[in-house]
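Have a look at the structure below before the remarks.
These numbers come from the heavy atoms of this one structure, side chains and all, not from hydrogens, waters or symmetry mates. Keep in mind that this is a model prediction, so the values were computed, not measured.
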Amino acid sequence: MRDATLVLALVACAVAAFLCLYVILAPGPGLPALTRRIVRSARTFARAGPRNRSAPRDRKVALAQQMPAFLDILTLGLLAGLSFDASLELYCKRYNTELSELLWDTMQLWRIGVESRASALEHMASEEGVTSLQRFASTVSEALAFGTPLSQTLERQAQVIREEQKSLIEEEIEKAPVKMLIPLTTLIVPAMLLAILGPLLAPALGIG
């Protein structure tokens, strides 16, 4: 137990020393990106073990599917009089999803002063490459810059995302009959022909 604690302490000291050297020798816009990587690496290390990170494509799908519920919670929090940060923290603490973990890591960046709120959200959305997340980050940035009300805009965004997801599901349903033609023509129809014509052709071919 003491050896493990000593190793963790040495690792923490090494990371702190590296950050200090980085700030002294290379100050500039690279620090926020480095900090984001460290925060995410720490999160990944903490979750290492039986649970693995999902594939990039599955992760994007999961983030997009979780956006409507997140926007609903955020809107309700804002309508209840909570601040943006308090509403965001409410979602992150109540929900155990990939989106909540991503937002929690991003929120720590502006809380410790590494980036501004708008910059952290925009970088997060850009790195993940999820369209609905990018629209959310852009909306929040504009609201913070111009002081416009956020709750109504987020409510509309949630509705738009649900309609888009519904359209995608309907498209997949429409494609299902076309996809079924391949196994139908290659497997089912020949088997049915053999079952029907087999007994009729057997006497003519002298089989049986």
Side-chain angles (χ1 to χ4, degrees), residues 8-48 51 53-54 59-60 62-64 66-130 132-155 157-158:
L8 290 175
L10 291 174
V11 171
C13 292
V15 172
F18 177 75
L19 284 175
C20 291
L21 288 174
Y22 188 90
V23 173
I24 294 172
L25 298 178
L31 181 58
L34 176 65
T35 308
R36 284 198 301 274
R37 294 192 187 99
I38 292 175
V39 171
R40 292 188 180 183
S41 299
R43 170 76 72 173
T44 304
F45 178 78
R47 295 189 301 170
R51 181 181 177 183
R53 291 182 65 87
S54 59
R59 176 177 172 82
K60 287 185 177 181
L63 291 174
Q66 293 158 12
M67 281 297 295
F70 159 64
L71 293 175
D72 288 342
I73 297 299
L74 197 62
T75 301
L76 289 174
L78 293 172
L79 292 175
L82 297 178
S83 64
F84 176 82
D85 284 13
S87 301
L88 185 60
E89 184 174 357
L90 176 66
Y91 172 78
C92 293
K93 289 185 175 180
R94 293 293 181 90
Y95 287 81
N96 184 22
T97 62
E98 293 193 351
L99 181 59
S100 67
E101 292 176 354
L102 176 64
L103 290 168
W104 178 262
D105 292 343
T106 305
M107 184 165 57
Q108 304 315 308
L109 295 177
W110 72 70
R111 282 187 168 180
I112 63 178
V114 175
E115 287 185 275
S116 66
R117 186 186 288 102
S119 176
L121 289 172
E122 288 176 356
H123 287 157
M124 172 201 67
S126 177
E127 289 178 0
E128 295 299 333
V130 179
S132 56
L133 201 56
Q134 292 172 344
R135 286 203 300 259
F136 165 74
S138 176
T139 299
V140 173
S141 299
E142 292 177 0
L144 294 174
F146 300 106
T148 56
L150 193 57
S151 57
Q152 295 180 355
T153 305
L154 295 180
E155 187 176 2
Q157 275 194 6

Would you say the side chain of His123 lies within less than 4.5 Å of the side chain of Thr106, judging by non-hydrogen atoms?
no
Are Leu99 and Met67 close enough that some pair of their side-chain heavy atoms sits under 4.5 Å apart?
yes
From Trp110 atom CH2 to Arg117 atom CZ, the distance as rounded to the nearest 0.5 Å
6.0 Å
Heavy-atom closest pair, residues Ser87 and Leu78
OG-N, 3.4 Å
On a heavy-atom basis, which atom in Ser100 and which in Cys92 lie closest, and how many Å separate them?
O-SG, 3.5 Å
For residues Leu88 and Trp104, determine if any side-chain heavy atom of one lies less than 4.5 Å from a side-chain heavy atom of the other.
no
Centres of the Phe70 and Tyr95 rings: under 6.0 Å?
no
Nearest non-hydrogen partners of Ala64 and Ser132, listed with the distance:
CA-OG, 4.2 Å
To the nearest 0.5 Å, tell me how far Asp85 CG sits from Leu90 CG.
12.5 Å
4.5 Å side-chain heavy-atom contact, Ile73 and Arg94
no
Any non-hydrogen side-chain atom of Thr97 less than 4.5 Å from a side-chain atom of Tyr91?
yes
Any side-chain donor-acceptor pair under 3.5 Å between Ser138 and Glu122?
no
Please determine if Glu128 and Lys60 form a salt bridge, counting it only when a charged side-chain N lies under 4.0 Å from a carboxylate O.
no
Going by heavy atoms in the side chains, are Met124 and Leu103 under 4.5 Å from each other?
yes
Does the side chain of Asn96 reach to within under 4.5 Å of the side chain of Glu101, using non-hydrogen atoms?
yes
Using a 4.5 Å cut-off on heavy atoms from C-beta on, say whether the side chain of Arg59 contacts that of Leu102.
yes
Quick one: CG on Leu150 to CD on Glu142, what's the gap to the nearest 0.5 Å?
10.5 Å
Tell me, yes or no, whether the heavy-atom count around Gln134 atom CD, taken from other residues, nucleotides or ligands under 6.0 Å, exceeds 12.
yes
Does one side chain, of Thr139 or Gln157, offer a donor that lies under 3.5 Å from an acceptor on the other?
yes
Any donor-acceptor pair under 3.5 Å linking the side chain of Thr75 with the backbone of Leu71?
yes
Salt-bridge criterion met for Glu89 and Arg111 (N-O under 4.0 Å):
yes
